Amino acid sequence: MDETTHGALIESMRAAHADQVLAVYQLGIDEGQATFETTAPTWPQFDTSKLPDHRHVALGTLDGTPDRLLGWIAASAFSARSAYAGVVEHSVYVHPGARRRGVGLALLRALIASTEAAGIWTIQSGIFPENAASLTLHARAGFRMIGIRERIGRHHGIWRDVLLIERRSPIVT
């Protein structure tokens, strides 16, 4: 899918995007509110863990430089069990300099389109309660909170809660 939205071109993620994808991922990790991870994976680790048809990037101008990666979204299988074939877990990261420009919502819409076209009925994720911007973004894209996993993991020595969110497709039955 190649689509221009809010001044950003949304297209399928390719290996050519690897360095910028991992750099944006690391920026999100460094902020401390996006994930339990402490360092971005290598490209081969990232590449093998994400579903090829459900990875998108937003490209545009950042800090006056064109053709920069503004953000990315990717999904992985929730489970290898056949009963969960229509459930994926996703991550979305937007470069700090590209926030509040509609990039995150455009990426979520691209993921929703690709997953629904593939017959996927549920997109889910876990978000730290302190990540208000991500919760607001996901609510705008039709996600709802389904539960709280209290003190599910330690992050820099501190127990953290995770809010479970999901979006059920209204068209995949």
Side-chain angles (χ1 to χ4, degrees), residues 1-14 17 21 24-25 27-29 31-37 46 49-60 62 69-150 152-153 160-173:
M1 164 193 274
D2 289 359
E3 175 184 329
T4 302
T5 307
H6 301 289
L9 174 66
I10 306 299
E11 65 179 41
S12 296
M13 185 187 294
R14 298 184 312 277
H17 301 122
V21 165
V24 169
Y25 194 3
L27 288 171
I29 290 169
E31 289 179 329
Q33 299 302 330
T35 179
F36 283 107
E37 301 297 333
F46 181 95
S49 69
K50 305 300 181 195
L51 298 168
D53 294 335
H54 308 297
R55 304 189 294 191
H56 310 283
V57 295
L59 304 171
L62 183 63
L69 189 128
L70 307 177
W72 61 267
I73 194 164
S76 55
F78 170 71
S79 173
R81 296 176 64 191
S82 61
Y84 298 111
V87 182
V88 296
E89 186 166 1
H90 83 288
S91 298
V92 59
Y93 285 80
V94 176
H95 189 287
R99 293 183 185 151
R100 301 188 192 285
R101 291 172 42 183
V103 171
L105 188 57
L107 288 165
L108 279 168
R109 287 179 176 155
L111 180 67
I112 290 165
S114 71
T115 55
E116 287 183 338
I120 292 170
W121 57 82
T122 299
I123 304 170
Q124 67 176 33
S125 192
I127 300 175
F128 291 144
E130 298 82 3
N131 194 342
S134 186
L135 292 168
T136 299
L137 168 65
H138 283 87
R140 288 185 62 208
F143 285 76
R144 65 186 180 97
M145 188 177 76
I146 58 169
I148 301 171
R149 298 193 78 184
E150 296 177 352
I152 190 67
R160 300 289 300 263
D161 295 347
V162 172
L163 304 179
L164 299 177
I165 62 165
E166 73 173 16
R167 180 190 182 276
R168 296 293 305 257
S169 172
I171 63 170
V172 177
T173 56

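One is the number of the first residue; the rest follow in order along the sequence. Bear in mind the structure is a predicted one, so any value in this text is a computation, not a measurement.
Nearest heavy-atom pair, Arg55 versus Ala74, reported as atom, atom and distance to 0.1 Å: CG-CB, 3.9 Å. Shortest non-hydrogen contact noted between Val103 and Ala98 is CG2-O, 3.8 Å. Residues Ser76 and Ser49 approach most closely at CB-O, 3.1 Å, considering heavy atoms. Heavy-atom minimum distance, Ala34 versus Gly28: CB-O, 3.8 Å. When all heavy atoms of Met13 and Phe46 are compared, the closest pair comes out as SD-CE2, 3.5 Å.
To the nearest 0.5 angstrom, Ile146 atom CD1 is 9.5 Å from Arg168 atom CZ. Ile127 CD1 to Leu163 CG: the interatomic distance, rounded to the nearest 0.5 Å, is 7.5 Å. Once rounded to the nearest 0.5 Å, the distance linking CG of Leu69 with CG of Leu62 reads 9.0 Å. For the atom pair Ile73 CD1 and Leu111 CG, the distance stands at 4.5 Å (nearest 0.5 Å). Distance check: Leu135 CG to Glu130 CD gives 9.5 Å after rounding to the nearest 0.5 Å. From Glu11, atom CD reaches atom NE2 of His17 across 4.0 Å, with rounding to the nearest 0.5 Å.
Arg101 is listed as a side-chain neighbour of Leu70, based on a closest heavy-atom distance under 4.5 Å. Contact of the Arg144 side chain with the Glu166 side chain is registered, since non-hydrogen atoms from C-beta on lie closer than 4.5 Å. The side-chain heavy atoms of Met145 and Leu164, taken from C-beta on, include no pair separated by under 4.5 Å. Two residues are said to be in side-chain contact when any heavy atoms from C-beta on lie closer than 4.5 Å; Val88 and Thr115 meet this criterion. Taking the side chain as every heavy atom from C-beta outward, Glu116 and Trp121 never approach each other to under 4.5 Å. No side-chain heavy atom of Pro52 sits less than 4.5 Å from a side-chain heavy atom of Arg14. Residues His54 and Ile120 meet the side-chain proximity criterion, which asks for heavy atoms closer than 4.5 Å. A 4.5 Å side-chain heavy-atom check between Ile152 and Asp161 finds every atom pair outside the cut-off.
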Go through His56 and Ser114 one step at a time and tell me if the side chain to side chain contact (heavy atoms under 4.5 Å, CB included) criterion holds. CA-CA 9 Å; His56 310 283; Ser114 71; 3.2 Å; yes
Stepwise, does the side chain to side chain contact (heavy atoms under 4.5 Å, CB included) test hold for Ile123 with Phe143? CA-CA 8 Å; Ile123 304 170; Phe143 285 76; 3.8 Å; yes
What verdict does the side chain to side chain contact (heavy atoms under 4.5 Å, CB included) test give for Ile165 and Gln124, after you've listed the backbone C-alpha separation in whole Å, the side-chain angles of each residue and the deciding distance to 0.1 Å? CA-CA 6 Å; Ile165 62 165; Gln124 67 176 33; over 6 Å; no
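With hydrogens and angles ignored, the 3.5 Å screen pairs no side-chain donor or acceptor of Trp72 with any backbone N or O of Val57. Remark: the backbone N or O of Asn131 is not paired with any side-chain donor or acceptor of Ser134 at under 3.5 angstrom.
Arg160 and Glu150 are not joined by a salt bridge, as no carboxylate oxygen comes within less than 4.0 angstrom of a charged side-chain nitrogen.
Identified under the side-chain hydrogen bond (donor to acceptor under 3.5 Å, both in side chains) test for residues 79-99, with sequence neighbours left out: Glu31-Arg99, His90-His138.
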